[in-house]
Each structure stands twice: as C-alpha cells, then as structure tokens.
Amino acid sequence: MRWNNLRAHTMMKRVNPCAIATLLTCCILPVISGCGIPKLCCVDPNPYIPNEFNGKTTTDNVANIGVYEFFNDQALAQLIAEGLATNQELKIRNQEIQVARNEILARRGAYLPFVSVGAKGGFDRTSKWTPLGAAEDQLFTPKGGEFPDPLPNVGLTANLFWRIDIWRELRNARDAAMQRYAEAVEVRDYFVTRLVAEIAENYYELTALDQRVAYLNQTIEIQKQSLEVAKAQKAAARGTELAVQRFIAEVRKNESQLLIVQQSIIESENKINFLCGRYPQPVQRSSWDFITLDSTMLGVGVPVQLLQNRRDIRAAERELSAAGLDVLVARAQFFPRFDISASVGYEAFNPRYLFDPGAFIASTAGELVAPLINKAAIRAEYQSANARQLQAVYDYQRTVLNAYTEVVNRMSKVENYRKSVAIKQEQVAALEESVQVATNLFQNARSEYVDVLFSQRDLLEARVDLIETKQQQLSAIVNAYQALGGGYLLTSEGTTYKDIRCLTTPYLPGEMIDVPVPEGEPEELSPMEDSLPPLPSEAALSATTLDSIEP
C-alpha cells in the first residue's frame, strides 16, 4: 500500500501541472463556449411547383431555341448583337462578376498562412536609476566592450501568422463567396435575357408605329378625296358647306395625329439606341407585314424546367446556398479560435553584427481564445445570419412562384390576343368594305357625307386597335419566351453570350467566331485551382442551409 502511494506521488511529480491545465483548458473551452448557442427559426412550408402550366405541358421547350432562330429577323438580330456588345449596364454586370471573383481570392487567402518580412531600426535609452538600467550598465558585449548609450537596435525578421480553420469558418466564408460569384454570373445572364426581350419588344412597337403611319396616310388620302367630292357637290348645289368643313376637320385631326405618332417613333428608336449603347440614329427595321413571330409555336415544356432555364431562379438558389454557409460562419464564432504565430531573423545593436550566428532570433507561440462572457454581439450576428438565410429561402420561393405565374399569364395572353387579332381582322375587313360602299354612294349622291365620315373614322380606329392588339400579342410572345428562360442561347447550336462577350464587334447569325480573351480581362472561371460548386440539389440544399434550423 505504501509502495503504491509512493509510486503515485512520484508520477505526479513527473507530470507538469501547466501541461495538465493546458489540456483541461483545451477540452473545456469548446464545451463552455459552445453552450448557449441560440436556436434558429424555422421555415414556413411552401407548396411544391405544379406539374403543368394550367393543364399545359409539351415535350419541347422554346427556351432551347436560339434568339436568332426564334425571331428570324436579320434587322432585329443586328440590334440584339449590338446591344450585347455595347450595352453599358451589361458591362457593369460583367465588372460585378469580377468583383465577386476577387472576393473569392480574398476569402481563399484568409485560411492560408500569412508570411511577411520586415526590417526594423531604432534606439533605446534606459534610466540608470532603474533596476533594468542599472543591470544594463554592468553588461558587456560578446567582444568585451561596453554597449553604446543610447543603445541602437536593428533587425531583419520573417514573420508567420496562421489561424487554424478548425471549425471551417474561413473555408465556409470562401465557399459562400464562390456561391455569390456564381450568383453574379446568373444575375448577369438573367439581364441578358431581359435585354434581348426589351430590344425585341421595342422593335415590334416601332414597326407597329410604322404601320399606324401607313394607315393614317391612307386614311388622310381617302378623306382628301372625299373632301374634293364634297367641294364638287357644293359647287353643283348638291351639297353644303357643312360637309366640306367636316371633312376638313377630319383631315386636320388625322394630320395632327400623324405628327404625334412620328414623335412616338423617334422616342421608340431612341429607346432601342439606348439599349444598344449608341447615340440617337435611325433604326433599320423590317416591314410590319413581314413579321412572322406570331406564327411561332411556343413549347412550354414542364414547370420544373424553369429551375434550370430561368437565370433569376438559379441566382436565388445560389444566394440561398451562400446564406446557409453564412450561418455556419456565424456559428463558428461561438467556439475557440486557435492562432499560431512565429518569427525568425537577426537582431543586433550594430549592423555589422547583424548576420553573426549569435544574432539569430526565433520565436513561436500558439493562442487559444474563446468567448465566455458577454456574447451578445456574437448571438446577434448569428441570429441575423439566420434571418438573412430565411430571407433567401423566401426570396427563392417567391422567385419560383413569380416565374411560374409569369409563364401562365403570358401564355394565356398569347392565346387570347391571338384570337382577338383574328376577330379584329374580320372587323377591319368588314369596315374596309363599308368605306368602299359609303364612298361610292356618296360620290353618286345616294348617301350623306356623315356615312362616309363615320365609316372612315370607324375603319381607322379598328385598324389602330388591330395594330395595338397584334403588338400586344407579339410582346406577349417575346415575354413568354423570356419567362420560360429563353434569350440566353444566341443560336440553337449552343452559342451563348459568354462566347461573344469579349468581341469588340457584334456577332451575327452565320458568322464564324474566334473569341480570344482580351489581355487583362480574366475568363469567367473561379480563381486558382478552386472550381465553382455545382447548383445544389434539393437534398444538398437542405443539408447545407436548413439542417441547423429547428422549429
């Protein structure tokens, strides 16, 4: 029994009490600091995306058709190409991508060791009436001489600082930056689809205004002929001045309206010029009669394809993934931080001794720090990260809901306006016949001028309504194409905006392109050897962003 007590006492003397304290601290600190982590809020349930668009699905999807094949208009293709090459906002989006790319480099460097080199120099004089000064006064250099007073000090050192990423805080921050880089690319690509749709929409508005000018000119010509007939009937005492003045008033009204339409043409042209990044100039365009877009079949595919084809949904998905990683970064603040610092170099009071072996210095230290008291700021940041994560979840749900609603609304609009155009075409044909009949009767003095006047007015209004209805139909087709995710593929063979964004001249259908990356502008790739993570699947998304959310 005495032997066992003696052996235990001997072993206790051999063990360093400081080592035991350090070991206990390393074990206890994570437990203590990890206590009190607040629970996170849960996500409200959201209905699943339907399997069809109000009963409609197709085997093909119009989003897979290239812009040039879909619109099939050389003049419009030229405008779209110029817009993609010179639009200033699109160039701003490209620079936002570069900013996001550089953020990855910054985050990536945070979890690697920081190494720096430096030189220092100075002097120090200590009071001889202090213990340190009195001791220094009795010291001699290794060569046997006295130290100079004041005492110079020069040195060259290499320093290392490394924060060990125990809890993946820094790597999660890097991964979040990578997701936001991918998000910036998706936001830019979504803007490309909107730019294509906006140029096409204004292009069709411009051609509709051209047709309104043509109809106004036809109406004015017909009314001038009727005016001459009214004047002739008045001269022959078969009519009155009233008919003459009514026809003059109608001609002047339409001539005034013609000027207003011409002003609208100028404004529409300049909208297109602005989107194409150029100053006001005439816009080349096809004739209204040659537009065949309304005969294009719109394949809607299935709703789940929106998750892949809609760039705004993909961007929201990336932000959702990044927000989940931000929560993990904030959570790591509750746990200990382990830092390593070290330095090596040479230090001496005289530069000629600087590289003497005796002047070599070295130091190393490790630091384990954990928050214990007053963690309110850390809790607040953690809960704010959770709130931002929930915002990202609801924004994703809202984006999917909005995309589905846009498709349903626009497809319904395409169909209803197509039927309306067909009916209005019959109305215009009947009114054209009525104008012809009324004009013949008036010229033969078998009807009143009012019949001619009203029939001409009704025909012009019906034609304007027909143009506006067809323009709305074309606009609905363009917007449905964009709502389904179309507008990013330039050709059905797979050429995209990314393939041509570095070109200084527009790319048009049928051209062969060779796209070198301009000097100084990096490719849209993740920096160094890091690769962009793929779009997270539903299971991965849940594991990344929602596992820590408790009801």
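Not measured: the values here are computed from a predicted model.
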Side chain to side chain contact (heavy atoms under 4.5 Å, CB included) for L90 and V192? Distances and angles first, verdict last.
CA-CA 7 Å; L90 186 53; V192 168; 3.7 Å; yes
Side chains of F71 and L293, heavy atoms from C-beta outward: is any pair under 4.5 Å?
yes
Would you mind reporting whether S268 and L209 have side-chain heavy atoms less than 4.5 Å apart?
yes
Yes or no on side chain to side chain contact (heavy atoms under 4.5 Å, CB included) for W288 and L206, after CA distance, side-chain angles and deciding distance?
CA-CA 9 Å; W288 176 263; L206 185 58; over 6 Å; no
Side chain to side chain contact (heavy atoms under 4.5 Å, CB included) for L460 and L216? Distances and angles first, verdict last.
CA-CA 7 Å; L460 179 60; L216 278 170; 3.8 Å; yes
Is there a donor-acceptor pair under 3.5 Å between the side chain of N87 and the backbone N or O of G277?
no
I'd like to know if R285 and D210 make a salt bridge, using a cut-off of under 4.0 Å between side-chain N and carboxylate O.
yes
Is R314 salt-bridged to E317, going by a charged N under 4.0 Å from an acidic O?
no
Does N402 reach the main-chain N or O of R398 with its side chain, forming a donor-acceptor pair under 3.5 Å?
no
Distance-minimising heavy-atom pair for Y68 and A81
OH-CB, 3.7 Å
So, the side chain of T491 versus the backbone of G66: is there a donor-acceptor pair under 3.5 Å, distance only?
no
State whether the side chain of T58 and the backbone N or O of D60 hold a donor-acceptor pair below 3.5 Å, judged by distance alone.
yes
Paired with Q397, the side-chain contact (heavy atoms from CB on, under 4.5 Å) test is passed by just one of V400, T399, V393, L401, namely V393
Ignoring hydrogens and angles, tell me if any N or O in the side chain of D395 forms a donor-acceptor pair with the backbone of Q391 under 3.5 Å.
no
Which atom names give the shortest non-hydrogen contact between R278 and V283, and what distance separates them?
NH2-CG2, 3.8 Å
Side chains of V300 and L484: closer than 4.5 Å at any heavy-atom pair?
yes
Establish, from distance only, whether the side-chain atoms of E82 and Q78 form a donor-acceptor pair under 3.5 Å.
yes
Ignoring hydrogens and angles, state whether a donor on the side chain of N270 or Y279 is under 3.5 Å from an acceptor on the partner side chain.
no
Is any side-chain heavy atom of E96 closer than 4.5 Å to a side-chain heavy atom of R188?
no
Check for me whether R93 meets the cation-pi criterion with F191, that is, NZ or CZ under 6.0 Å from the six-membered ring centre and within 45 degrees of the ring axis.
yes
With the side chain counted from C-beta on, respond yes when V428 and L459 share a heavy-atom pair under 4.5 Å apart, and no when they do not.
yes
How long is the straight-line distance from CG of L489 back to OG1 of T193, given to the nearest 0.5 Å?
11.5 Å
ring-ring contact (aromatic ring centres under 6.0 Å, His included) partners of F53, counting only residues at least two apart
Y404
Without hydrogens or angle criteria, can the side chains of Q218 and R463 be said to hold a donor-acceptor pair below 3.5 Å?
yes
Roughly how far apart are R107 CZ and N172 CG, rounded to 0.5 Å?
11.5 Å
Here the gap from T469 atom OG1 to N416 atom CG, rounded to the nearest 0.5 Å, amounts to 12.0 Å
Let me know which of Q482, E406, E186 forms a side chain to side chain donor-acceptor pair (under 3.5 Å) with R310.
E406
Check: E267/Q263 side-chain N/O donor and acceptor closer than 3.5 Å:
yes
Using a 3.5 Å distance criterion without hydrogens, assess whether the side chain of R171 forms a donor-acceptor pair with backbone atoms of D165.
yes
Main chain of P336, side chain of W167: is a donor-acceptor contact present, judged purely on distance under 3.5 Å?
yes
Hey, which of R194, M411, K413 is the one that makes side-chain contact (heavy atoms from CB on, under 4.5 Å) with N479?
R194
R180 vs E103, test: salt bridge (charged side-chain N to carboxylate O under 4.0 Å, His left out). Steps then yes/no.
CA-CA 9 Å; R180 289 193 168 95; E103 184 66 19; over 6 Å; no
Note: A483 and R410 closest approach over all heavy atoms is CB-NH1, 3.6 Å
Just by distance, with hydrogens left out, do N94 and Y497 show a side-chain donor and acceptor under 3.5 Å apart?
yes
Cut-off 3.5 Å, side chains only: do E201 and S475 have a donor facing an acceptor?
yes
Is the closest side-chain donor-acceptor distance between R318 and Q179 under 3.5 Å?
yes
About how many Å separate CD1 of I164 and CG of D339, when rounded to the nearest 0.5 Å?
8.5 Å
Is I313 close to L306 at the side-chain level, that is, under 4.5 Å between some pair of heavy atoms?
yes
d(T57 OG1, Q305 CD) to nearest 0.5 Å is 10.0 Å
List the residues meeting salt bridge (Lys or Arg N to Asp or Glu O under 4.0 Å) with E69, not counting sequence neighbours, and say none if there are none.
none
Where the side chain of D73 meets the backbone of L76, is there a donor-acceptor pair that is under 3.5 Å apart?
yes
Determine, for Y488 and R311, whether the Lys NZ or Arg CZ falls below 6.0 Å from the six-membered ring centre while staying within 45 degrees of the axis.
yes
Using a distance-only test with no angle check, is there a side-chain donor-acceptor pair under 3.5 angstrom linking N102 and Q98?
no
For residues I265 and V213, determine if any side-chain heavy atom of one lies less than 4.5 Å from a side-chain heavy atom of the other.
yes
Return yes if some donor-acceptor pair links the side-chain N/O of S264 with the main-chain N/O of I260 below 3.5 Å, else return no.
yes
F161 and I340: CA distance, side-chain angles, deciding distance, side chain to side chain contact (heavy atoms under 4.5 Å, CB included) verdict
CA-CA 6 Å; F161 177 80; I340 296 176; over 6 Å; no
For R163 and Y111, which I'm curious about, is there any donor-acceptor pair between the side chains at under 3.5 Å?
no
F338 CZ: over 12 foreign heavy atoms closer than 6.0 Å:
yes
Is there a donor-acceptor pair closer than 3.5 Å between any side-chain N or O of S286 and the backbone N or O of F290?
no
Enter the distance from D294:CG to Q471:CD here, rounded to the nearest 0.5 Å.
13.0 Å
